[in-house]
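Contents: one structure, followed by commentary.
Heads up: numbering here begins at 1 and tracks the sequence.
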Amino acid sequence: MTDYSHSPRPHRRAGGPPLGPLAIVTLALTVAGIVTLIAGTGSAPAPFASPAEVAAWYAAHPTAIRIGALLQFGSAVPLGILTASVYARQLRLGVRVPGPVIGLFGGIAASIALATSALVTWTLSFPDALGSPDAVALLARFSFGLGGVAYATGLGLLIAGIAVPALILRFVPRWLAILGLVLGVAGELSFLSLALEPLQALLPIVRFGGGVWLIAVALLLPRSRPRRDPSDPRVEHRAEG
């Protein structure tokens, strides 16, 4: 019989779609949605602006708001696919800590929050159907809570769930993993902006900084990790140590 006991074991290969294009498309659609709103409306009213001001803004720019909502909804789809793909990649790489599950929860939550916010924003492009400025302002704040705070919080969990294992197992450069931890903390602290308006500055930092970070990690995260060969003396040495 042929002895296969000392033959090298195959590498764990990562399947699924490539991570880099998914991360790039997610950020590109996000930026396109923001640019569309800025170009078509000038600037959006603050979340805590008066109902009359909020309703007037939605009534004056329905087309730009609908296109922006469409692009925002579109960005939520590749984000969900990216989240699932990163989770599968981490399992393929042998990560057996809570990080991947935390990241999966955060990424899916961020994707759902963003998609729901986009649909609410699309609804607000028909302000006459809502009946009153108070109703428009209420839904606008709900949309902000979903697409701003809930999205940033979920994205922070996704980033942290990738950064912690990547730092410990050295999947990416140390500085990049530490930057991910900083962005993850910023995402979790962003919920304070619901009460402290100045902390709303964290939202674009997490949204755009996190998007760029995900692109970098998606391009650098290894696709496979060699299995340890029990016959390798170095493995025995590590086990004894």
Side-chain angles (χ1 to χ4, degrees), residues 7-31 71-118 146-147 150-188 206-230 235:
S7 60
R9 296 189 178 187
H11 291 250
R12 300 186 182 102
R13 295 181 179 177
L19 304 182
L22 286 171
I24 292 171
V25 170
T26 299
L27 182 60
L29 288 172
T30 298
V31 172
L71 293 170
Q72 180 178 322
F73 185 90
S75 68
V77 177
L79 175 61
I81 299 173
L82 173 65
T83 297
S85 300
V86 168
Y87 174 73
R89 176 77 62 89
Q90 289 176 302
L91 295 186
R92 289 276 186 173
L93 290 171
V95 180
R96 296 292 185 268
V97 293
V101 180
I102 292 172
L104 179 66
F105 165 75
I108 295 301
S111 177
I112 293 174
L114 193 63
T116 306
S117 173
L146 288 170
Y151 174 75
T153 304
L155 192 66
L157 288 175
L158 171 62
I159 292 172
I162 300 171
V164 173
L167 177 63
I168 295 173
L169 299 175
R170 301 179 182 179
F171 289 150
V172 300
R174 180 180 176 83
W175 67 267
L176 185 61
I178 292 175
L179 178 59
L181 293 178
V182 173
L183 288 169
V185 171
E188 300 319 295
V206 176
R207 179 185 292 271
F208 299 110
V212 173
W213 188 88
L214 285 174
I215 292 175
V217 169
L219 295 173
L220 293 175
L221 198 65
R223 296 183 61 86
S224 61
R225 183 181 178 191
R227 295 178 182 272
R228 290 183 177 179
D229 186 353
V235 175

Query raised in the report: Donor-acceptor pair, Trp213 side chain versus Ala177 backbone, under 3.5 Å?
Result: no

Query raised in the report: Looking only at heavy atoms, what is the nearest atom pair of Pro100 and Pro165, with distance?
Result: CD-CG, 4.4 Å

Query raised in the report: Under 4.5 Å between any side-chain heavy atoms of Tyr151 and Val206, yes or no?
Result: no

Report task. Could you check if a side-chain atom of Leu219 sits within less than 4.5 angstrom of a side-chain atom of Ile215, using non-hydrogen atoms only? Result -> yes

Report summary line: Value for CG (Leu104) from CD1 (Ile162), rounded to nearest 0.5 Å, stands at 10.5 Å

Requested in this report: Can you measure from CG (Leu114) to CZ (Phe73) and round to the nearest 0.5 angstrom?
Outcome: 9.5 Å

Query raised in the report: Can you tell me how far the CZ atom of Arg89 sits from the CG atom of Leu82, to the nearest 0.5 Å?
Result: 10.0 Å

Report task. Considering non-hydrogen atoms only, spot the tightest contact between Thr83 and Leu158 and give its length. Result -> OG1-CD2, 3.8 Å

Query raised in the report: Hey, is the main chain of Tyr87 close enough, under 3.5 Å, to the side chain of Arg92 for a donor-acceptor pair?
Result: no

Query - Pairwise distance CG(Leu27) to CZ(Arg207) - rounded to 0.5 angstrom - result: 10.0 Å

Query raised in the report: Just by modelled atom types, is the Gly107 backbone N or O under 3.5 Å from a matching donor or acceptor in the Ser111 side chain?
Result: no

Report summary line: Nearest heavy-atom contact between Ala150 and Ala113 is CB-CB, 3.8 Å

Report summary line: Residues Ile81 and Pro17: closest non-hydrogen pair is CG2-CG, 4.2 Å

Report task. Any chance you could lay out the side chain to side chain contact (heavy atoms under 4.5 Å, CB included) test for Leu220 and Leu176, step after step, and finish with the verdict? Result -> CA-CA 10 Å; Leu220 293 175; Leu176 185 61; 3.7 Å; yes

Query raised in the report: Checking side chain to side chain contact (heavy atoms under 4.5 Å, CB included) for the pair Phe171/Val217: CA distance, chi angles, key distance, verdict?
Result: CA-CA 9 Å; Phe171 289 150; Val217 169; over 6 Å; no

Query raised in the report: Who are the side-chain hydrogen bond (donor to acceptor under 3.5 Å, both in side chains) partners of Gln72, not counting sequence neighbours?
Result: Ser117

Query - Minimum heavy-atom distance between Gly74 and Pro78, given as atom pair plus value - result: O-CD, 2.7 Å

Report summary line: Smallest heavy-atom separation, Leu93 atom then Leu221 atom, equals CD1-CG, 4.3 Å

Query raised in the report: If you round to the nearest 0.5 Å, how far is CG of Leu155 from CG of Leu183?
Result: 8.5 Å

Query raised in the report: To the nearest 0.5 Å, how far apart are CD in Gln90 and CG in Leu169?
Result: 9.5 Å

